[in-house]
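When a ligand or atom number is given, it counts from 1 through the structure's own listing order.
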Amino acid sequence: MMNTRAQTLNTHALKRSEKHVFLKSSNSNSNGRRRRSSRGAALAAAGNKNYKLTLLPGDGIGPEIMKVAVDVLNEVGRKHEITFTYEEKLVGGAAIDAFGTPLPEDTLECCKQSDAVLLAAIGGYKWDTLEANMRPERGLLGLRAGMEVFANLRPAVVLPQLADASSLKKDIVSGTDIMVVRELTGGIYFGEPKGFGTNAKGERIGFNTMVYSESEVDRIAKVAFEIAQKRGGRLCSVEKSNVLEVSQLWKERVIKQHENYKDVELSHMYIDNCAMQVIRDPKQFDTIVTGNIFGDIISDAASMLTGSIGMLPSAAVGSSGPGLYEPVHGSAPDIAGQDKANPLAQVLSAAMLLRYQFGEEAAAKSIEEAVNATLDQGFRTGDIMQEGMKLVGCTQMQEALMKNLSK
Ligand code: IPM
Ligand code: MG
């Protein structure tokens with residue numbers, strides 16, 4: 001599966017999931033921004049839980065895999081007495097085509113007013129030549145900033161069924177379970193000044209600014225320490241403090257925050273070394289915390305341990321309000337509309353949504369168990385196909401999944 005968004009991340013908070021953090025602060029049950037539809041209110045009064053979700057299918061394979069996730073959510077909802085109210089909005093290329101902007105105001109508003117947001121994927125060849133500000137990617141960055149989801153959780157878990165699918169040796173990757181906590185709304189992605197200009201020699205230049213404030217580092221460090229506490233108790237802060245001032249401040253603040261989390265073992269690593277170490281010996285890592293661009297890179301590297309970017313979900317959460325849940329892979333325009341897409345990362349993103357946003361652990365587990373069972377039965381889409389397995393398309397994968405879910 002080709003990805004226009006060359007992202008990464010890894011799935012399944014799966015096995016670790018029991019130990020996984022539930023970020024109390026992102027629990028919409030207690031947050032003031034939560035809105036209920038009147039139908040939702042009636043259901044809630046009747047003792048049923050209703051969650052309002054904004055769906056952003058986006059571009060490419062997005063709509064195909066989103067459909068699977070919604071059917072799965074509805075089925076799991078039936079089992080666990082949860083109902084969902086959906087509102088679908090445009091973002092990325094689809095929004096550019098319809099409204100001339102990758103993030104219409106109405107889309108962002110709807111996301112902010114919902115309990116959680118499920119996004120599929122954005123981008124495609126068609127919009128690749130647009131100027132930076134008008135590209136589908138800009139819609140995603142605007143969404144992250146607008147929703148203030150500063151903490152991006154990108155698990156990299158090697159599933160036993162797929163350990164052979166990695167390009168690395170099985171004994172190196174087997175048992176890997178890393179959580180990359182990536183700062184998502186600051187750093188060089190958003191720093192000012194940025195732009196184009198001319199230098200003293202009259203030559204054109206392009207520039208960006210990598211900047212972090214103390215409070216930005218403190219809040220992501222807190223999230224990461226809390227996650228590490230609930231996982232293996234080890235946190236590695238990744239930066240480039242041998243060269244960058246912004247990283248020196250980062251490291252200082254992480255060390256300061258550590259005072260409040262003495263039960264977590266803290267280590268520090270330069271990003272270049274970290275890139276090497278995740279390939280050399282991934283099992284040395286438990287939880288990693290890092291800035292926006294380093295997290296972008298290291299989570300892509302970590303995803304290849306699993307050999308299956310088509311399997312990896314992610315969660316982006318803020319200190320309150322709805323989070324943004326999306327697969328790590330891109331919109332795969334090369335296979336869009338051909339019933340070839342792997343819907344599992346999208347489905348697992350829905351599981352992350354249930355767990356991290358609503359604390360619906362049992363419902364999240366049902367989904368993850370159904371995914372596991374489906375893989376155990378040998379069903380594989382093209383991107384994770386291996387000898388001796390059953391090659392299926394998106395629809396057949398959904399059928400297998402639904403069967404396992406209704407068991
Ligand atoms: C990711 C992607 C995005 C990023 C792009 C599509 C803007 O690579 O989510 O990792 O750089 O954050
Ligand atoms: Mg990326």
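Contacts between R154 and ligand 1 below 4.0 angstrom, taking non-hydrogen atoms only, involve the side chain exclusively.
Proximity of a side-chain donor or acceptor of N152 to a complementary backbone N or O of L184 within less than 3.5 Å is not detected.
In terms of the salt bridge (charged side-chain N to carboxylate O under 4.0 Å, His left out) criterion, D376 has no residue partners (sequence neighbours excluded). For K194, there are no salt bridge (charged side-chain N to carboxylate O under 4.0 Å, His left out) partners at least two apart in sequence or on another chain.
Nearest to the Mg ion (ligand 2), among the N, O or S atoms that D296 has, is OD1.
Applying the 4.0 Å criterion to heavy atoms of R182 picks out, from ligand 1, the atoms 1 (C), 4 (C), 9 (O), 10 (O), 11 (O), 12 (O).
One option in R138, R144, E137 has a heavy atom closer to atom 12 (O) of ligand 1 than any other, and that option is R144.
Judged by the 6.0 Å distance and 45° axis criteria, R219 is positioned over the aromatic ring of F150.
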